[in-house]
Colleague: 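Here it is, the structure in full.
Just so you know, these numbers use all the heavy atoms, side chains as well, and skip hydrogens, waters and symmetry mates.
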Amino acid sequence: MNDRLSPRVRDRLSSLGLLAAALAASAVIAGAITSAVLLATGVDPGYAFAEMFSYGFRPNSVVAIINQGTTYYIAAIAVAIGFKMKLFNIGVDGQYRLAALLGAAVGGAWVLPPVIHQVVIILVAVMVGGFWAGIAGYLKVARGISEVISTIMLNSIATGITAYLLTEDRLAVQVQGSNNIGTRPIAESGWVPGIPAGFLGANNEIYGLVLLAAAVGVGYWLLVNRTRYGFDLRATGQSATAAAASGVEVKRMVVYSMVISGMVAGLIGMPQLLGASHHYALDFPVGLGFTGIAIALLGRNHPVGIVFAALLWAFLEQSSLALTIHDIPREIVVITQAAIVLTVVVVYEVVHRIGRRMQQQRVGAQLGTAEVA
């Protein structure tokens with residue numbers, strides 16, 4: 001049967017087999033590490049895992065996982081765009097928070113017709129995120145400043161700007177019924193309706209912008225694999241020198257990549273903002289950009305791989321609520337997440353080397369056969 005398959009198909013099947021083996025090995029290793037920690041703290045691993053699975057697959061938990069996974073997915077795609085070009089956009093966290101704040105402020109300032117209202121909010125967020133990331137891109141090509149350093153610094157600046165603007169004498173008002181402060185509430189015309197999850201037996205709704213996340217994933221795949229820009233992006237990521245020799249404007253690609261990454265980052269807060277909270281307040285989710293880095297690594301920067309990685313991450317966080325009920329430290333899940341990322345990175349590298357060695361041996365065998373013939 002293998003003789004009937006083309007070399008390309010055989011290589012693809014071998015790669016898929018190796019990747020599946022890598023994932024399985026990573027899951028086993030991460031499970032073993034977590035079990036060892038649980039045993040060391042006097043907790044039965046089987047009992048803890050059973051409670052997590054039971055709680056995580058409840059209907060309402062499934063909806064919460066989908067909603068959280070939607071946000072994580074967009075964050076990981078924003079990071080993956082930079083990773084494709086060997087750029088580390090560590091500033092996704094600051095980009096999405098500043099974008100969400102200003103998008104919420106604009107959305108709460110006016111009442112516009114439905115659809116137009118949502119589009120205006122999203123466009124403001126996209127432009128703010130792209131502009132903030134573009135600063136790091138410009139600094140890299142104009143002054144040679146590493147994007148890692150500049151984006152980390154820009155995160156701090158974004159945090160300061162957010163704190164400055166989110167005060168009652170500027171963009172914030174008192175949130176009704178609480179001691180919290182936030183932007184003016186977005187009128188209902190700016191909300192994105194949720195998707196009823198009665199078919200899952202759940203009482204809550206799935207974010208309507210889960211469709212936006214799907215569109216972002218499809219757009220990312222098309223951009224990277226079906227456009228000239230995507231080819232230049234991948235070529236520059238492999239070797240900037242070779243790409244420049246073939247006519248690619250490397251500096252322009254750096255700026256474009258950072259801007260596009262930031263534009264996607266601007267969308268991260270939209271599912272929460274337009275689907276649930278309808279204002280940006282002090283309790284708006286933070287740290288999503290750093291979570292996106294881990295999920296992008298786990299999903300190997302592939303839009304489909306990131307789907308599973310985002311849902312796995314969300315499942316672990318949601319199911320960890322069951323641990324609190326049974327007085328088991330939720331930090332166990334953080335250890336599991338860290339172990340999964342670490343083992344996946346290490347195992348994937350081992351698998352990559354094995355695959356490359358197998359390919360070299362196959363090519364050598366084919367050359368030997370050709371010489372004999």
Side-chain angles (χ1 to χ4, degrees), residues 19-41 43-58 61-80 82-83 88-90 92-93 96 155 213 265 268 271-272 285-351:
L19 290 177
L23 287 173
S26 300
V28 170
I29 295 172
I33 293 173
T34 306
S35 297
V37 174
L38 285 169
L39 286 172
T41 56
V43 178
D44 178 14
Y47 174 76
F49 291 145
E51 290 298 322
M52 288 177 63
F53 274 88
S54 175
Y55 187 87
F57 283 105
R58 292 179 181 179
S61 291
V62 171
V63 174
I65 289 167
I66 294 172
N67 288 340
Q68 193 69 9
T70 297
T71 303
Y72 288 162
Y73 183 78
I74 299 174
I77 291 294
V79 174
F83 279 168
F88 291 86
N89 184 5
I90 312 298
V92 167
D93 207 67
Y96 91 81
N155 273 345
I268 295 171
Q272 171 72 24
V286 298
L288 298 177
F290 299 107
T291 301
I293 295 173
I295 293 173
L297 290 171
L298 190 58
R300 303 297 292 172
N301 300 324
H302 191 283
V304 177
I306 292 174
V307 170
F308 294 106
L311 291 176
L312 172 62
W313 208 269
F315 172 81
L316 289 172
E317 291 196 347
Q318 179 65 20
S319 62
S320 69
L321 297 176
L323 299 180
T324 305
I325 297 173
H326 298 281
D327 296 325
I328 302 173
R330 288 184 61 183
E331 288 73 17
I332 293 297
V333 169
V334 178
I335 295 173
T336 303
Q337 291 171 331
I340 289 174
V341 174
L342 180 61
T343 54
V344 162
V345 171
V346 173
V347 173
Y348 267 132
E349 179 60 27
V350 173
V351 166

Colleague: Check A76 against A296 and note the closest heavy-atom contact, atom names and distance.
Modeller: O-CB, 3.7 Å
Colleague: Let me confirm one number: the OG1-CG distance from T324 to L321, rounded to the nearest 0.5 Å.
Modeller: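 Nearest 0.5 Å value for the OG1-CG distance: 6.0 Å.
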Colleague: Evaluate the side-chain proximity of I332 to V37: yes if any heavy-atom separation is below 4.5 Å, no if none is.
Modeller: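 SC-SC contact between V37 and I332 confirmed.
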Colleague: Can you tell me how far apart OG1 (T343) and CD1 (I33) are? Round to the nearest 0.5 Å.
Modeller: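 That separation rounds to 6.5 Å.
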Colleague: Applying side-chain contact (heavy atoms from CB on, under 4.5 Å), name anything that partners D93, two or more places apart in sequence or on another chain.
Modeller: Y96, R97, N155, F290
Colleague: Would you say L297 and F83 make side-chain contact, with heavy atoms under 4.5 Å?
Modeller: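 When only atoms from C-beta onward are counted, F83 and L297 do touch, with a gap below 4.5 Å.
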Colleague: Are any side-chain N or O atoms of T34 and backbone N or O atoms of A30, one a donor and one an acceptor, separated by less than 3.5 Å?
Modeller: yes
Colleague: Shortest non-hydrogen contact from G299 to A309?
Modeller: N-CB, 3.9 Å
Colleague: Are the side chains of V43 and H326 in touch, meaning some heavy atoms are under 4.5 Å apart?
Modeller: no
Colleague: Of I306, L312, N67, T291, which is the lone residue that meets side-chain contact (heavy atoms from CB on, under 4.5 Å) with Y72?
Modeller: T291
Colleague: Roughly how far, to the nearest 0.5 Å, is CD1 of I268 from CD1 of I77?
Modeller: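 Rounded to the nearest 0.5 Å, the CD1-CD1 separation comes out at 10.5 Å.
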Colleague: Between the side chains of E51 and Y55, is a donor N or O closer than 3.5 angstrom to an acceptor N or O?
Modeller: no
Colleague: Measure the spacing between CD1 of I295 and CG of L288 and express it to the nearest 0.5 Å.
Modeller: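 The CD1 atom of I295 sits 9.0 Å away from the CG atom of L288.
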Colleague: Supply the atom-to-atom distance W313 CH2 to I340 CD1, rounded to the nearest 0.5 angstrom.
Modeller: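 Atom-to-atom, W313:CH2 and I340:CD1 are 7.0 Å apart.
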Colleague: Does H302 use its side chain to pair, donor to acceptor, with the backbone of V304 at less than 3.5 Å?
Modeller: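 Confirmed, H302 side chain pairs with V304 backbone.
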Colleague: Grab the two heavy atoms, one from V79 and one from G292, that are nearest each other, plus how far apart they are.
Modeller: CG2-C, 4.0 Å
Colleague: Is there a side-chain contact between D44 and L38, using heavy atoms and a 4.5 Å cut-off?
Modeller: no
Colleague: Donor-acceptor pair, distance only, cut-off 3.5 Å: does the side chain of Y73 make one with the backbone of P303?
Modeller: yes
Colleague: Treating S35 as the side-chain partner and G31 as the backbone partner, does any N or O pair qualify as donor plus acceptor under 3.5 Å?
Modeller: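 Answer holds: yes.
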Colleague: Identify, with sequence neighbours excluded, every residue that meets ring pair (Phe, Tyr, Trp, His ring centres under 6.0 Å) alongside F53.
Modeller: F315
Colleague: List the atom of V92, the atom of A265, and the distance in Å for their closest heavy-atom pair.
Modeller: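 Shortest heavy-atom contact: CG1-CB, 3.9 Å.
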Colleague: Write down the atom of V333, the atom of S320, and the distance for their closest heavy-atom approach.
Modeller: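 Of all heavy-atom pairs spanning V333 and S320, the closest is CG2-CB, 3.2 Å.
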Colleague: Once you round to the nearest 0.5 Å, how far does CD of Q68 lie from CD of Q272?
Modeller: 8.0 Å
